[in-house]
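Inspection log for the structure reproduced underneath, given as structure tokens.
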Amino acid sequence: MDASADFAPWSPRFVADPYSGFAALRAAGPVHWFEPSRQWLVPRHADVSALLRDRRLGRTYLHRFGHEEFGRTPPPPEHEPFHTLNDQGLLDLEPPDHTRIRRLVSQAFTPRTVERLAPVVRRLARELVDGLLADGGGDLMTALAEPLPVAVIAEMLGIPAADRGLLRPWSADICGMYELNPGEEAARRAVRASTEFSAYLRELIAARRADPGDDLISALIVAHDEGDRLTEQEMVSTCVLLLNAGHEATVNTTGNGWWALFRHPEQLAALRADQGLLPGAIEELMRYDTPLQLFERWVLDDIEIGGTLIPRGSEVALLLGSANHDPDRFPAPERLDLARADNPHLSFGAGIHYCLGAPLARLELAASFGELLRRAPGLRPVAEPEWKPGFVIRGLRELLVEC
């Protein structure tokens, strides 16, 4: 089937509401070839969930094949700073390197470790809401959604407060390369940000070697010195990934989530009346308007999806947003239901690449939503927001509110 009529990721209309297009894809079949990005689209929950766990697929193929052997063209040499940074990060590695690095980093993200951060997260959320209330409102994205998770990750990494303003622009430029078919201008911005961010982190790593602190970078240096073989490039790539992955989902769940609540006043009223609903509400908001819409995988060995043979060397696009709206898994998926009990959404992924920072993201979202629900009972939007142009990372340009 030609999926282009129902899947239009560069169309502002589709970006504003991709879910009706997803419904058409799911109804038409389990897998579709999409020529513009030369990928196989997989829209159904059961298939996406299974393929996220299937080891015949990988985030990279370079642990088994060269570019030519795999039938792929190497990236342009001028993109090398981005690929050096990205390809050594946890998200784009496969075992055994993935296993080794995840084991080291996961110690900073255990539920117990994250819970120790709770007082810091709640304090930061309270201070940011203080500012929003003092101003009588503003842009919820820049006032709360963006600064909270960036500050938390920066605190974990030990990045000085004076430097934290650099992080979000670097992250945004690097993440531009995760969209489908990014153009040369996006590549130039990503290369520049990769070069600058890498240089900054190498200086910070050198400073922590000379004067260790109680932060994750210092802990990774100790692990390296004790023989766990984490190279400096792996340290740099890991820190960048923790920032990028550690705040994008939280930022966009905050914006997307509040906009969904504003459009469903009866659900917002129920949540304000009973904040015991908040943990389940956060899961439902992540399902209802998914912050990461698509996750790519390379086919390392021939695989069959819904009766279609997908050969080695192909790329599949797992449509997380579509899977989260599959009526075969979620009754009435287009309805926002904050009391939804059975909610196996795939917004954090699955398998060995399941989001390491999921407990921290949930903590941050509970803190920011809870603070606003308690202290801004009259919070309301003052304008309909615009969506950012990207499809893969789904979020609002701004969300103007008054208190």
Side-chain angles (χ1 to χ4, degrees), residues 1-4 7 9 22 25-26 28-76 79 82-84 86-103 106 177-182 234 237 241 245 292-324 326 328-329 344 346-356 392:
M1 171 191 169
D2 179 4
S4 59
F7 184 71
F22 290 156
L25 280 180
R26 290 192 303 271
V31 61
H32 309 277
W33 175 250
F34 187 59
E35 179 62 30
S37 64
R38 300 195 61 77
Q39 293 172 318
W40 293 93
L41 307 178
V42 182
R44 295 178 180 174
H45 185 280
D47 295 320
V48 172
S49 180
L51 292 171
L52 284 169
R53 298 169 169 85
D54 197 310
R55 301 308 303 138
R56 290 172 293 178
L57 304 181
R59 282 290 295 172
T60 184
Y61 53 80
L62 293 174
H63 61 305
R64 286 182 53 184
F65 309 101
H67 291 295
E68 293 79 6
E69 183 184 7
F70 201 63
R72 292 284 159 175
T73 302
H79 295 179
F82 166 79
H83 288 285
T84 295
N86 183 74
D87 295 354
Q88 296 299 310
L90 189 61
L91 187 62
D92 280 81
L93 290 172
E94 292 294 315
D97 289 331
H98 176 274
T99 308
R100 171 174 53 87
I101 297 175
R102 188 173 179 112
R103 184 182 67 247
S106 64
M177 284 291 274
Y178 302 145
E179 291 297 330
L180 296 177
N181 297 357
E234 288 170 341
S237 296
L241 174 64
L292 179 66
Q293 289 281 318
L294 179 154
F295 213 18
E296 297 168 329
R297 288 286 195 275
W298 295 105
V299 178
L300 305 177
D301 297 296
D302 293 356
I303 190 169
E304 187 175 296
I305 304 173
T308 298
L309 179 67
I310 311 297
R312 187 186 84 180
S314 303
E315 190 175 30
V316 297
L318 306 177
L319 299 179
L320 305 182
S322 176
N324 284 344
D326 189 340
D328 287 341
R329 188 60 190 84
L346 297 172
S347 299
F348 287 124
I352 67 166
H353 290 290
Y354 180 81
C355 179
L356 194 62
V392 174

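Keep in mind that this is a model prediction, so the values were computed, not measured.
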Side chain [X], main chain [Y], donor-acceptor under 3.5 Å:
X      : Y      : result
Gln88  : Glu234 : no
Ser49  : Ala46  : no
Arg26  : Pro43  : no
Ser106 : Arg102 : yes
Glu94  : Tyr61  : no

Note to self: Checking Phe7 against Leu25 for the side-chain contact (heavy atoms from CB on, under 4.5 Å) test, could you report, in this order, the C-alpha distance in whole Å, the side-chain angles of both residues, the deciding distance, and whether it holds?
What the structure shows: CA-CA 8 Å; Phe7 184 71; Leu25 280 180; 4.1 Å; yes

Looking only at non-hydrogen atoms, find the nearest pair between [X] and [Y] and report the distance.
X      : Y     : answer
Pro9   : Phe34 : CD-CZ, 3.8 Å
Pro344 : His45 : O-NE2, 3.0 Å
Asn181 : Pro36 : ND2-O, 2.7 Å
Arg55  : Pro95 : NH2-CD, 3.4 Å
Ser237 : Gly89 : CB-N, 3.6 Å

Could you grab the distance from atom [atom1] of [X] to atom [atom2] of [Y], nearest 0.5 Å is fine?
X      : Y      : atom1 : atom2 : answer
Ser347 : Gln293 : OG    : CD    : 8.5 Å
Leu320 : Leu292 : CG    : CG    : 5.5 Å
Leu91  : His353 : CG    : NE2   : 6.5 Å
Arg59  : Leu90  : CZ    : CG    : 11.0 Å
Leu294 : Tyr178 : CG    : OH    : 14.0 Å
Ile305 : His32  : CD1   : NE2   : 11.0 Å

Under a 4.5 Å cut-off applied to non-hydrogen side-chain atoms, are [X] and [Y] in contact?
X      : Y      : value
Val48  : Asp326 : no
Phe82  : Pro75  : no
Val31  : Ile310 : yes
Leu318 : Leu346 : no
Arg38  : Trp33  : yes
Asn86  : Met177 : no
Leu62  : Trp298 : no
Pro311 : Val299 : no

Notebook entry, point to check: Do Asp87 and Thr60 get their side chains close enough for a donor-acceptor pair, meaning under 3.5 Å?
Noted result: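 Asp87 vs Thr60: no donor-acceptor pair found between side chains.
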
Next item on the list: With sequence neighbours excluded, give me every salt bridge (Lys or Arg N to Asp or Glu O under 4.0 Å) pair touching residues 295-318.
Entry: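 Output for this query lists Arg64-Asp301.
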
Next item on the list: Applying side-chain contact (heavy atoms from CB on, under 4.5 Å), run through Ile303 and Val316 and close with a yes or a no.
Entry: CA-CA 11 Å; Ile303 190 169; Val316 297; 5.9 Å; no

